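What follows is a single structure, written as structure tokens, with notes after it.
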Protein chains: 2
Amino acid sequence: MDRYAEHRQIARTLGVDAVALVPGPNFARLFHQDFHSHERPLVVLIPAEGAPAALVPNLELRSFDLLKFEGEVFDWRDQTGYSDAFAALARHMPLRSVAVEGQVMRVFVHHAMALAWPGLKIVDAERQISGLRLHKSAEEVAALQEAINLSERALQRTLDQVRLGQTEKDIERILTLALFAEGAEEQSFGPIVAAGDNSARPHAHARADYAVKAGDALLLDFGGKWGGFCADITRTVFLDHASDEAQAVYDTVLRANLAGHAVTRPGVTAHDIDDAVISVLEASPFADRIRTKTGHGLGRDVHEAPYIMRGNPQVMEPGMVFTNEPGLYKIGAFGVRIEDDMLVTAEGSLSLTRFPKDLIILR
Amino acid sequence: MDRYAEHRQIARTLGVDAVALVPGPNFARLFHQDFHSHERPLVVLIPAEGAPAALVPNLELRSFDLLKFEGEVFDWRDQTGYSDAFAALARHMPLRSVAVEGQVMRVFVHHAMALAWPGLKIVDAERQISGLRLHKSAEEVAALQEAINLSERALQRTLDQVRLGQTEKDIERILTLALFAEGAEEQSFGPIVAAGDNSARPHAHARADYAVKAGDALLLDFGGKWGGFCADITRTVFLDHASDEAQAVYDTVLRANLAGHAVTRPGVTAHDIDDAVISVLEASPFADRIRTKTGHGLGRDVHEAPYIMRGNPQVMEPGMVFTNEPGLYKIGAFGVRIEDDMLVTAEGSLSLTRFPKDLIILR
């Protein structure tokens with residue numbers, strides 16, 4: 001059993017000599033372990049044929065040992081830098097071309113490789129390499145489900161503690177504590193806690209100087225990680241009361257979300273799902289408030305393929321997981337988003353998120 | 001007052017047409033706001049002369065507005081991709097060369113820029129751009145101090161709860177919860193909680209299947225963030241008892257740490273500090289257990305300049321902050337590290353970390 005078979009296949013398909021992996025979600029999937037890279041390059045090279053090789057910071061060697069790596073390891077120390085180790089790696093494994101993860105590898109590693117292998121063709125194979133994460137195994141789905149379950153418990157804990165007069169930052173803090181109290185390993189991303197006009201910014205930052213007040217929408221977009229997998233959930237609630245406009249907007253977003261659930265099954269495309277969802281929003285009186293696509297894949301990374309948008313021909317298959325998160329955003333007033341994490345099954349789809357979606361008014 | 005004066009100066013010094021910033025610590029320092037970039041490029045271009053310009057994902061526009069950006073903004077949508085926006089930006093601001101943050105910018109942005117400006121020379125100016133963060137203002141030091149204070153309270157809370165038979169993962173969880181309970185915004189990095197033989201790995205990962213036992217070293221390396229700034233503290237304690245060897249090693253590491261405190265003042269170099277610290281370890285019977293340099297700068301990023309190592313001629317100046325973290329690591333047995341966060345002052349130095357360093361035995 002060659003644990004590099006998929007990566008070698010990518011190298012052959014792209015016609016490059018090797019695939020280079022750096023710490024991050026693809027590395028973690030392959031080795032069941034990750035590293036904080038910080039300022040220290042750590043690179044694994046997987047050639048189309050033959051043994052892999054790696055460049056590893058000396059102080060990580062004893063942790064790297066745990067991977068039971070099959071190939072030659074070239075280590076380097078902070079005091080002498082990494083260029084000699086790259087040069088030795090290049091002599092060991094001559095390359096004319098290499099496929100890299102464009103959204104993971106940083107420029108300083110790119111430059112070090114270009115220097116070590118003069119004339120090296122560096123191909124951004126983010127789509128192919130991260131594409132190996134498209135289909136989640138049963139074990140991976142179980143980890144996602146646990147991440148989502150604990151995140152839902154944290155949301156309930158948070159809503160139980162929200163009071164008029166708290167700032168967005170206060171509520172963000174309550175939510176963060178609740179996530180860890182419920183067992184999160186870390187947060188999937190810095191949570192979005194946005195009320196009133198701030199909820200109309202899809203990626204708002206919580207404010208320390210805005211106290212939530214009666215009539216506000218309160219949007220919470222957050223998630224905990226468990227077993228290396230990310231939850232990503234949004235619910236929008238209202239404080240004290242919801243205006244007629246707010247209720248109509250909420251109802252529209254919910255219908256769009258439900259349309260996404262209804263259309264998802266193996267064989268439809270990412271385009272089809274986005275089209276079904278966005279069409280509901282477009283047919284409403286609030287079409288000018290559309291600012292985002294339906295969603296994105298979810299797994300070891302909180303944003304990954306498949307991206308659920310019109311124009312994406314990706315065919316949905318069992319084991320794929322994505323967010324279904326339509327929203328409507330009225331600049332300067334308020335926004336509503338409802339986000340579920342969906343699994344494509346053999347028969348259709350399943351929402352791994354089960355937190356209620358009826359309009360909630362906190363009193 | 002031109003808030004880009006320092007960046008323009010870097011462009012002129014390097015002889016490049018502009019500096020490109022992406023979300024991250026340099027971006028956050030300049031704009032007092034950060035963005036999660038994920039799969040969506042967001043780039044600010046600061047030319048040596050004239051107005052800046054930016055490429056921004058459409059759904060971030062209302063958040064980007066808060067920066068009160070002075071220049072032209074080219075937005076793009078997921079559905080159409082970012083290449084047209086890059087091309088429009090390139091027509092608006094022709095460039096032959098650009099300086100980038102090599103440890104922050106990822107390869108997909110590098111490739112998008114190379115495509116938009118054919119023949120573009122992309123210079124890794126990590127050292128110069130991140131070098132703007134070398135000197136911390138009084139306000140920044142106050143944020144660091146708060147991050148450190150809350151981290152120390154979390155450490156005390158954790159040590160109060162450690163019991164024989166808990167796993168490393170159990171203790172990691174206690175520590176994480178304590179950090180957030182004490183007010184951390186997020187963790188500076190995934191904490192290191194390592195006992196017994198695992199403590200001999202400088203960057204160990206906590207194990208779910210190892211229960212701490214009498215005689216173990218327990219190394220905790222962790223930190224909370226506050227106001228955007230990172231604490232980074234290590235203490236090594238012993239459970240039930242410490243062997244004579246463990247006590248001798250602890251004493252040696254502590255003397256090395258104190259030597260680092262003693263030598264630090266304006267005018268000495270990073271080389272001098274590392275030399276003073278490592279010399280203590282080298283003169284001990286445990287010289288073969290040295291695996292790391294003394295430390296690294298600390299600020300918005302948990303690893304940043306100045307790197308405290310032999311060969312680094314960086315002259316220390318008031319306002320610089322770095323970790324003083326000597327350690328000794330006996331493979332397969334145990335490791336000891338003691339880490340303080342140090343501020344260079346006009347007179348000498350100050351340890352922002354004040355948690356006791358006497359050998360602690362938890363009973």
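Reminder, nothing fancy here: chain letters follow the sequence lines and each chain counts from 1. In this text, all values refer to a predicted model and were calculated from it rather than measured experimentally.
A/L177 contributes atom CG, which lies 7.0 Å from atom CG of B/L177 (distance to the nearest 0.5 angstrom). In this structure, B/S63 OG and A/R201 CZ are separated by 6.0 Å, a value rounded to the nearest 0.5 Å. Atom-to-atom distance recorded for A/D78:CG and B/T294:OG1 is 11.0 Å, nearest 0.5 angstrom. Rounding to the nearest 0.5 angstrom, the gap separating the CG atom in A/L66 from the CG atom in B/N198 is 7.5 Å.
No part of A/E172 comes within reach of chain B, as not one of its non-hydrogen atoms sits under 4.5 angstrom from that chain. A/H203 touches chain B through backbone and side chain together, each having a heavy atom under 4.5 Å away. Only the side chain of A/T176 comes within contact range of chain B, with heavy atoms under 4.5 Å apart. For A/Q103, the parts sitting under 4.5 Å from any heavy atom of chain B are the backbone and the side chain alike.
Residues B/F108 and A/M105 have side chains not in contact (no heavy-atom distance under 4.5 Å, counting atoms from C-beta outward). You'll find the side chain of B/Q79 reaches within 4.5 Å of the side chain of A/D274, heavy atoms only. A/E304 places none of its side-chain heavy atoms less than 4.5 Å from the side chain of B/H38. Taking the side chain as every heavy atom from C-beta outward, B/E39 and A/Y307 approach each other to under 4.5 Å. Looking at heavy atoms from C-beta onward, A/R106 lies out of side-chain contact with B/V104 at the 4.5 angstrom threshold.
No other option in B/D34, B/D65, B/V100 has as many heavy-atom pairs under 4.5 Å with chain A as B/D34. Interface check for chain A: of the options B/G190, B/A204, B/S37, B/P57, the most heavy-atom pairs under 4.5 Å are formed by B/G190. Counting heavy-atom pairs closer than 4.5 Å to chain B, the top-ranked of the candidates A/Q33, A/K169, A/R310, A/H296 is A/Q33. Of the listed residues (A/G183, A/A184, A/G311), the greatest number of heavy-atom pairs within a distance under 4.5 Å of chain B belongs to A/G183.
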Could you please spell out the steps behind the side-chain contact (heavy atoms from CB on, under 4.5 Å) verdict for A/M309 and B/R77?
-> CA-CA 11 Å; A/M309 64 180 176; B/R77 290 172 184 270; over 6 Å; no
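Between the side chains of A/H111 and B/H110, at least one donor N or O lies within less than 3.5 Å of an accepting N or O.
Formation of a donor-acceptor pair under 3.5 Å by the A/R291 side chain with backbone atoms of B/L59 is not found in this model. A donor-acceptor distance shorter than 3.5 angstrom exists from the side chain of A/R173 to the backbone of B/F180, with no hydrogens or angles considered.
Ring to ring, A/H303 and B/H36 are not that close: their centroids are 6.0 angstrom or more apart.
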